[in-house]
J.: 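Structure incoming, see below.
What you see below is based on every heavy atom in this structure, not just the backbone, and it leaves out hydrogens, waters and symmetry mates. Just so you know, ligand 1 is whichever comes first in the structure, and atom 1 is the first atom listed for that ligand. Positions are given from 1 along the sequence.
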Amino acid sequence: LRQAEGIEVDYQPGLDEAALAEAIRGASGLIIRSGSRVTARVIEAADQLKAIGRAGIGVDNIDIAAASKRGIAVMNTPTGNAVTTAEHALSLMMSLARHIPQATSSMKAGKWEKKKFKGRELAGKTLGGGGLGTIRRIVADRAKGLKMNVVAFDPVLTSDRAAALGVELVELDAVWAAADIITVHTPLTPHTKGMINDEVVPKLKPGVLLINCARGGIYDEDAVLRGLESGHIGGAAFDVFPVEPPPADSPLLQHPRVVCTPHLGASTQEAQDRVAEQIAEQLVAFLDAGEVKNALNVPAV
Ligand code: MLT
């Protein structure tokens, strides 16, 4: 941004809503990561704002409807942290399959519990989920390398295209019935909220492993806890939570077969550098030349 001609940079991380509403006056562009909330109040206070750029994928911290009403473009970087997030999902899958975090804690407590942590092999197992978007395609590609079968439900993709990606397209109920491991890679929407709930849990394979490094709430976390307690769900890994951070005494977090990380899906140096550069370039191109790339409320130009 500092190299771009005619751009003055005002770097103010960590502003709360009121401070951001104050700071936004006079600004033409705003770049945020996940920590800032661009609410209707902030947008209302923005007298010159033309574009909001999110260095990352999720835009649930931006009131897009309010921005659209004011004619403000909202952009993200849908590919910059996709590999990193896919790798995190695979790390959680390995951790669940081989009890790595639990075994580490046990050894640090001076124990040698070899029998307790017998794991599962992944080769030949079926990995499933809904939606074959950017992140899932990368997950699927890596899972094929591990000799796993990949099944997915995607109402938009053709089976030929899915087959080219090495993925078998099936109905959602067939995903639930076939998958040894389920990972979700969709935004949280009214359609995806509670995708795995009390009705779905009995349809899952006994012992299934669940992974969520997309958005909290895509699984109904209470239903997952009940599934873990009944033994139907073998283990679950969460990187994201409906409220972040979740309460430390959450029974889900405390469950012995739950692995968790504090929303680290996109947290690698490489991904953070990439999304920062991408959003800076996108914003400058928009402010300078009206070029629209990766906007969620404006067609690409
Ligand atoms: C994203 O939406 O880009 C990821 O969840 C990363 C984040 O929000 O920090």
J.: What atoms in ligand 1 come closer than 4.0 Å to a heavy atom of Arg215?
T.: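 Numbered from 1, ligand 1 contributes 1 (C), 2 (O), 5 (O), 8 (O).
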
J.: When you measure from atom 3 (O) of ligand 1 to every protein heavy atom, which one gives the shortest distance, and what is it?
T.: Ile57 N, 2.6 Å

J.: Could you check whether any side-chain heavy atom of Glu17 comes within less than 4.5 Å of a side-chain heavy atom of Val42, counting everything from C-beta outward?
T.: yes

J.: Can you check whether Ala276's main-chain N or O pairs, donor with acceptor, with Asp273's side chain at less than 3.5 Å?
T.: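 Here the side-chain-to-backbone pair does not exist.
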
J.: Name the orientation class of the two ring planes belonging to Phe238 and Tyr219 (parallel below 30°, tilted from 30 to 60°, perpendicular beyond 60°).
T.: perpendicular

J.: Can you sort out which atoms of ligand 1 are near Gly56, meaning under 4.0 Å from one of its heavy atoms?
T.: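 Contacts of ligand 1 toward Gly56, numbered from 1: 3 (O).
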
J.: Would you indicate whether the side-chain heavy atoms of Asp222 and Leu252 approach each other to under 4.5 Å?
T.: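 Counting from C-beta outward, Leu252 and Asp222 never come under 4.5 Å.
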
J.: Side chain, backbone, both or neither: which applies to Asn81 and ligand 1 if a contact is any heavy-atom pair less than 4.0 Å apart?
T.: side chain

J.: Please examine the side chains of Ile182 and Trp176, heavy atoms only from C-beta on, and report whether any two atoms are closer than 4.5 Å.
T.: yes

J.: Can you pull out the closest protein heavy atom to atom 6 (C) of ligand 1? Residue, atom name and distance to 0.1 Å, please.
T.: Ala266 CB, 3.5 Å

J.: If we ignore hydrogens and angles and just use 3.5 Å, is the side chain of His232 paired with the main-chain N or O of Val201 as donor and acceptor?
T.: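 Present.
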
J.: Among all the protein's non-hydrogen atoms, which is closest to atom 2 (O) of ligand 1, and how far away is it?
T.: Gly58 N, 2.6 Å

J.: Counting each atom of ligand 1 from 1 as listed, which ones have a heavy atom of Ser34 under 4.0 Å away?
T.: 7 (C), 8 (O), 9 (O)

J.: Has ligand 1 got any nitrogen or oxygen that is less than 3.5 angstrom from a nitrogen or oxygen of Ala214?
T.: no

J.: Looking at atom 7 (C) of ligand 1, what's its closest protein heavy atom, distance included?
T.: Arg54 NH2, 3.3 Å

J.: Between ligand 1 and Arg33, can you find any atom pair, the residue atom being a heavy atom, that is separated by under 4.0 Å?
T.: no

J.: What are the two closest non-hydrogen atoms of Ile218 and Thr186, and how far apart are they?
T.: CD1-O, 3.2 Å

J.: Does the side chain of Val167 come within less than 4.5 Å of Val151's, by heavy atoms?
T.: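 With C-beta onward as the side chain, the pair stays apart.
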
J.: Which residue owns the protein heavy atom closest to atom 4 (C) of ligand 1, what's the atom, and how far is it?
T.: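 Heavy-atom neighbour on the protein nearest atom 4 (C) of ligand 1: His263 NE2, 3.8 Å.
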
